[in-house]
Student: 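Handing you a structure now.
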Amino acid sequence: TLKFSGYKVIKSCIVNDRGIHICKSMLAWQLFAKGATPASTGMKGDHFVGEYYVKFNDEYKRQVEELIAKGMNKDDAANQAPIMQAAKQMLRDWEDGKPAVMELWKKMNGWVYDGFDITYKRIGSDFDIIYYESDTYLLGKKSVDEGLASGVMIKKDDGSVWADLRDEGMDEKLVIRKDGTSVYITQDLGLAQQKYEKYHYDQSIYVIGDEQNYHMKALKLILKKMGKPYADGVEHLSYGMVELPSGKMKSREGTVVDADELIDEMVEVAKQKTEELGKVKDFESNELRSLYDTIALGALKFFLMRVDPKKRMVFNPEESIDFHGFTGPFIQYTHARIKSVLLKAGVNWQSAIGNQQSGGLLKAEKDLIVMLEQYPSVIQQACTEHNPSVIAIFIYNLAKTFNGFYTQLSVLSAESEEKKILRLKLSAMTANVIFSGMHLLGIRVPERM
RNA sequence: GGCCUCAUAGCUCAACUGAAUAGAGCAUCUGACUACGGAUCAGAAGGUUUCAGGUUUGAAUCCUGAUGAGGUCACCA
């Protein structure tokens, strides 16, 4: 959307492909997998690796409880559980570049990326550039050295490094662990720098969940203190969590709705619904499959897009696959219907010259025109607010207005030839705006459905 | 516990940033010229905007307090 209004946009994505969490998965795999691979189990790579992350946490929890039962206090137990010790050791080995660890790391990451690729491709997501944390964290460490030199950061006796933000009303923030390994924010310092050097951006918009508000504030402050020119351009577009009716999604407890499963489910519903209506009997089977995908994804994306991103929302899988009302399929249907009418009308009308019956507009026609005229300003608004939901709402209203117009007035058998041309043109414009608006939301609209 | 968000119809969301009768969709009920594609359209019903104070000509919106929900305060990312 930003691109559409004249900004030059570089979509980037940071993959946190290193760190203690990866080590945990790797360790659990070594301990429990007995040589299993995604291929041997038939699982998607990212799911497969995720499973071992969960296994690690289960085992970790068990060990901690065991230690507590032996009379150890909670904090010590959390630190001394052997499996956690091992994970930490592995992280150090990784940063030292030990071959065995590196090899395992590459192998498992490969699995994960394969899984991601499939999903991203399916939902039509793409990035101009992907950063890997494994590439940026070293630069982050360099940033820390710089911070130390300029006095923004201080090194404590045990070797850990901190940024003092207390005079800004915040606490001290750890930037390097005492064993010299880097933490989350270290990598972010490097990333900000790397991005700036490459693009000299005016604005760098971080789309991150609102639970990291504090983190982003700290990041910006540190950059500012270090006198980085890009500190002011760093903007945090925080979004609220998506919850389930049954409660929050927690990866550790397995209460997540998996994107792949959800999409499959919705495709199934789209299929049933379409078959019920029996309007596309002449479609080839691969056309059908792509149609179901378009509808299912359209429904899903629209459901997420229509809400102000800053707020938390409850995602009800059952409701999202409802194709009535304020939904993606409603709009797709409207578009398909317009196309059908236009098709029937032939092409002669396109060359016909518009007429000057300014006084003779009926209310339904006027309403539609008014709607169409608002489109540019709506985009503008969505842009400045970083809020795509205004587009979603607008397109929905447009479709609704058009449907009203459509049922009140006949297009093909209009009172006069002039009216017919006018209405055809209005219909065509509506279809274009719907197409364009939905495109901005990353949603496709079918010619027929 | 400190700090930060949020609370609107039974449910999911709006309300142009202080303005006139608080709007949509779902669910519920009633209808649609004998369907240019009915995945549609027209209508009904549904509200003390969590509670209690305050500021203002005017408050869902701003301030204070209460209650409830979530987040964050890690040598996790």
Side-chain angles (χ1 to χ4, degrees), chain A residues 14 16-24 57 75 78-79 84 87-88 91 133 156 158-162 169-188 208-215 217-218 238 240-241 243 245 247-248 270 273-274 276-280 295 299 303 306-308 310-316 318-320 322-334 336-345 377-378 381 385 389-390 392-393 396-397 399-400 402-414 420 423-424 427 448-449:
Chain A
I14 172 77
N16 297 115
D17 62 347
R18 45 135 268 131
I20 190 83
H21 60 297
I22 302 284
C23 291
K24 288 177 182 175
N57 275 317
D75 291 343
N79 276 320
M84 181 54 92
K88 284 183 178 168
L91 179 60
E133 189 184 346
K156 296 209 170 172
D158 61 4
S160 58
V161 180
W162 300 73
M170 299 172 78
D171 286 327
E172 292 180 302
K173 182 92 182 164
L174 176 94
V175 289
I176 292 277
R177 269 191 279 262
K178 70 178 169 203
D179 60 5
T181 56
S182 67
V183 292
Y184 188 47
I185 199 162
T186 320
Q187 157 272 131
D188 258 328
I208 313 180
D210 58 6
E211 74 265 20
Q212 293 191 27
N213 285 346
Y214 182 83
H215 171 78
K217 220 165 116 191
S238 74
M241 280 299 129
E243 293 175 28
K248 194 175 174 343
K273 190 76 188 171
T274 307
E276 245 170 60
L277 293 166
K279 288 173 180 168
V280 287
I295 295 174
F303 192 82
R306 69 184 202 192
V307 180
D308 187 325
K310 288 188 197 62
K311 295 195 181 171
R312 271 181 305 171
M313 67 171 295
V314 174
F315 182 82
N316 184 335
E318 281 165 33
E319 204 171 297
S320 72
D322 194 332
F323 295 161
H324 298 278
F326 194 178
T327 64
F330 169 84
I331 290 161
Q332 290 173 325
Y333 172 75
T334 305
R337 197 164 58 170
I338 294 173
K339 286 292 181 182
S340 164
V341 173
L342 294 181
L343 195 68
K344 229 173 229 181
S377 68
V378 165
Q381 193 198 340
E385 288 180 16
S389 74
V390 302
I393 293 166
Y396 168 69
N397 280 324
K400 233 174 108 172
F402 179 83
N403 283 332
F405 159 86
Y406 178 85
T407 44
Q408 279 176 57
L409 305 168
S410 175
V411 175
L412 291 181
S413 44
K420 181 170 159 186
R423 286 175 194 169
L424 280 168
S427 304
R448 293 175 57 199
M449 64 187 282

Student: Within the structure shown, what part of the strands sits under 4.0 Å from E276(A) by heavy-atom distance: base, sugar-phosphate, or nothing?
Tutor: nothing
Student: Using whole Å, what does the distance between atom C1' of nucleotide U17(B) and atom CD of E385(A) come to?
Tutor: 10 Å
Student: Select one nucleotide: of C36(B), A77(B), A39(B), the one nearest the side-chain heavy atoms of K344(A).
Tutor: C36(B)
Student: Roughly how far apart, to the nearest Å, are G25(B) and U55(B) at atom P?
Tutor: 39 Å
Student: Using the P atom on both, measure A44(B) against A24(B) and round to a whole Å.
Tutor: 10 Å
Student: With distance as the sole criterion, is a donor-acceptor pair present between the side chains of D188(A) and H215(A) under 3.5 Å?
Tutor: yes
Student: Say we look at A42(B) and C33(B): how far apart would their P atoms be, to the nearest angstrom?
Tutor: 15 Å
Student: Does the structure show a Watson-Crick or G-U wobble partner for A74(B), both distances under 3.5 Å? Name it, or say none.
Tutor: none
Student: Looking at every strand, decide which applies to T327(A) at a 4.0 Å heavy-atom threshold: base, sugar-phosphate, or nothing.
Tutor: nothing
Student: So I20(A), base contact, sugar-phosphate only, or nothing? Heavy-atom distance under 4.0 Å.
Tutor: sugar-phosphate
Student: Output yes when at least one side-chain N/O atom of R177(A) is less than 4.0 Å from OP1 or OP2 of A74(B), else no.
Tutor: no
Student: Could you state the CG-P distance from N403(A) to G38(B), rounded to the nearest angstrom?
Tutor: 10 Å
Student: Students often get this wrong, so: under 4.0 angstrom with heavy atoms, is I208(A) touching a base, only sugar-phosphate, or nothing?
Tutor: nothing
Student: For the C1' atoms, the ones on G10(B) and on U28(B), what distance do you get once it is rounded to whole angstrom?
Tutor: 10 Å
Student: Give a yes or no on whether a donor-acceptor pair under 3.5 Å exists between the nucleobase atoms of C75(B), that is its base, and the side chain of D158(A).
Tutor: yes
Student: Can you tell which of A77(B), A39(B), C36(B) lies closest to the side chain of Q212(A)?
Tutor: A77(B)
Student: Pick the C1' atom in G47(B) and in G31(B), then give their distance to the nearest Å.
Tutor: 26 Å
Student: Roughly how many Å is it from OH in Y396(A) to P in A39(B), rounded to a whole number?
Tutor: 16 Å
Student: Could you state the NZ-P distance from K400(A) to C41(B), rounded to the nearest angstrom?
Tutor: 8 Å
Student: Think R306(A) forms a cation-pi with Y396(A), using NZ or CZ under 6.0 Å from the six-ring centre and within 45 degrees of its axis?
Tutor: no
Student: Which nucleotide, A39(B), U72(B), U40(B), lies nearest any side-chain atom of Y214(A)?
Tutor: U72(B)
Student: With rounding to the closest Å, how many angstrom separate the P atoms on G23(B) and C63(B)?
Tutor: 25 Å
Student: Using whole Å, what does the distance between atom C1' of nucleotide C75(B) and atom CE of M84(A) come to?
Tutor: 11 Å
Student: Among A39(B), C75(B), C36(B), which nucleotide has an atom closest to any side-chain atom of H324(A)?
Tutor: A39(B)
Student: How many whole angstroms separate atom CD of E211(A) from atom P of A74(B)?
Tutor: 16 Å
Student: Are Y333(A) and F330(A), when compared by the centres of their aromatic rings, separated by less than 6.0 Å?
Tutor: no
Student: Taking atom P in both G53(B) and C3(B), compute the distance separating them and give it to the nearest angstrom.
Tutor: 26 Å
Student: Reading nucleotides 3-15 of chain B from the 5' end, what letters show protein touch, with B for base, S for backbone sugar-phosphate only, - for no heavy atom under 4.0 Å?
Tutor: ---------BSS-
Student: What contact category does F330(A) fall into here, base, sugar-phosphate, or nothing, at under 4.0 angstrom with non-hydrogen atoms?
Tutor: sugar-phosphate
Student: Distance between the P atoms of U21(B) and A60(B), in whole angstroms?
Tutor: 11 Å
